[in-house]
Amino acid sequence: MRLGAHISAAGGAFKAFERAREATCDSFMIFTKSNRQWAAKPLTDKEIALYKAAAAEYADLYPVSVHAAYLINVASPDEALWEKSYQALKDEIERAAALGIGMVTFHPGSYTAGDEEAGLSAIARALRRLLDETDETTPDTDICLETMAGQGTNLGGRFEHLAAIIQQAGPHERLRVCFDTCHVFAAGYDIRTPEAYAATMAEFDRVIGLDRVRCFHFNDSKHGLGEGKDRHEHIGRGQIGLEGFANFVNDPRWAGFGAYLETLPTEEAEDGTTIDMNQVNLQTLRELRITD
Ligand SMILES: [Zn+2]
Ligand SMILES: [Zn+2]
């Protein structure tokens with residue numbers, strides 16, 4: 001697997017390459033705009049050129065992935081919020097495509113005052129429109145639905161949710177899934193032992209199809225199996241544990257797939273120095289590889 005992390009793009013997306021290298025990443029994920037704001041200035045030709053130059057210089061750092069803004073909620077029953085979310089999601093795809101990035105992951109959304117079925121349909125409606133409006137212009141940027149922890153009215157905690165969205169929206173080859181280990185575990189799918197992992201993957205294959213998987217978020221979980229609580233933890237320090245991650249990194253089906261840490265990048269040591277936690281977590285994951 002191409003092990004990496006979410007990397008800060010402060011000062012420009014091109015700056016993430018150097019930071020990713022420093023953190024010993026093989027691959028990385030970025031935001032291309034502030035993740036807590038709706039609007040962003042369009043990328044300038046200069047920003048795009050700087051990014052493409054960095055991508056050429058750091059050609060061994062791949063695949064790069066984008067995480068869309070957290071505000072986006074195309075499951076919303078509120079038509080104005082839905083439209084705003086749709087436009088923001090489309091903007092995310094177009095920004096990523098302008099940089100030559102092949103995937104954008106977004107949260108399916110929350111149905112809030114509506115109901116589950118209407119929420120799933122609203123997401124599918126957004127994706128159908130997105131495919132219609134971008135298939136000519138950005139055919140090489142995949143749209144990835146993230147597996148979610150199943151908190152509250154949040155959709156994506158069941159594999160059936162993602163399958164229903166993909167079915168209703170197309171299905172289309174650009175519609176893919178980002179598999180977040182913490183979220184899947186929190187939603188009740190066990191991955192801690194080889195047997196549990198095999199059963200969860202078989203279930204994913206039966207319901208969605210493993211060929212829909214596009215990338216991974218590698219996070220351990222503070223909370224237990226099926227508790228529905230989304231709190232990321234450093235690799236091996238949570239309830240999933242090292243054996244769980246060994247199942248992924250040694251599964252030949254995921255060779256070449258990007259897997260990104262989404263935990264705090266630094267931690268203060270007892271002596272006051274700063275520890276690069278991405279380096280620590282990536283080293284932990286690499287040591288789980290069975291090399292024979
Ligand atoms: Zn996410
Ligand atoms: Zn995630």
Side-chain angles (χ1 to χ4, degrees), residues 1-9 16 20 25 27-37 63-75 85 88-89 91-93 95-96 101 103-110 123 126-127 141-159 161-162 165 175-189 191 200 204 208 212-223 227-235 237-240 244-245 248 254 257-265 277-278 281-282 285:
M1 293 185 91
R2 306 284 306 167
L3 302 173
H6 193 124
I7 298 292
S8 163
C25 293
S27 66
F28 65 91
M29 178 167 72
I30 51 171
F31 294 122
T32 71
K33 56 185 276 292
S34 165
N35 62 318
R36 296 188 191 279
Q37 279 173 18
V64 180
S65 174
V66 166
H67 198 302
Y70 297 134
L71 296 166
I72 292 171
N73 185 11
V74 289
S85 295
L89 182 57
D91 188 45
E92 294 276 6
I93 301 290
R95 294 172 77 86
I101 297 173
M103 55 184 130
V104 174
T105 292
F106 78 106
H107 295 172
S110 303
I123 301 164
L127 293 177
T141 301
D142 291 340
I143 307 154
C144 307
L145 293 147
E146 183 165 348
T147 57
M148 301 306 288
Q151 282 177 302
T153 70
N154 229 238
L155 294 164
R158 304 293 314 161
F159 293 160
H161 292 167
L162 303 183
I165 295 164
L175 298 179
R176 305 289 289 271
V177 175
C178 168
F179 190 110
D180 185 309
T181 52
C182 169
H183 297 172
V184 165
F185 180 74
Y189 298 98
I191 48 178
T200 289
F204 189 106
I208 304 174
R212 291 278 171 193
V213 175
R214 184 68 166 84
C215 62
F216 293 83
H217 289 169
F218 270 6
N219 306 298
D220 209 325
S221 173
K222 250 190 218 324
H223 297 286
E227 287 184 32
K229 288 185 190 160
D230 177 10
R231 287 289 302 283
H232 297 180
E233 182 53 282
H234 294 294
I235 304 296
R237 290 197 197 167
Q239 302 286 322
I240 296 175
F245 290 95
F248 288 88
W254 310 131
F257 280 68
Y260 314 101
L261 304 166
E262 294 179 299
T263 35
L264 287 178
M277 287 309 294
N278 284 335
N281 286 317
L282 291 172
L285 287 167

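Note that the numbering runs from 1 along the sequence shown for the chain. Both ligands and their constituent atoms are indexed starting at 1 by order of listing.
- No side-chain N or O of Ser27 forms a donor-acceptor pair with one of Arg2 less than 3.5 Å apart.
- Taking backbone and side-chain atoms together, Cys178 has no N/O/S atom less than 2.8 Å away from the Zn ion (ligand 1).
- For the Zn ion (ligand 2), the nearest N, O or S atom contributed by Asp180 is named OD2.
- Looking at heavy atoms from C-beta onward, Asp180 lies in side-chain contact with His232 at the 4.5 angstrom threshold.
- For the pair NE2 of His67 and NE2 of His107, the angle at the Zn ion (ligand 1) is about 100°; rounding is to 10 degrees.
- A donor-acceptor pair under 3.5 Å links the side-chain atoms of Tyr189 to the main chain of Phe159, judged by distance alone.
- Here His217 fails the criterion, with no N, O or S atom under 2.8 Å of the Zn ion (ligand 1).
- Considering every non-hydrogen atom in both Ile240 and Asp220, the closest pair reads N-OD1, 2.8 Å.
- Nearest approach of Gln151 to Asp230, heavy atoms of both residues: OE1-CB, 3.4 Å.
- The Zn ion (ligand 2) lies closest to atom OE1 when only the N/O/S atoms of Glu262 are considered.
- Within Glu146, the N, O or S atom lying nearest to the Zn ion (ligand 1) carries the name OE1.
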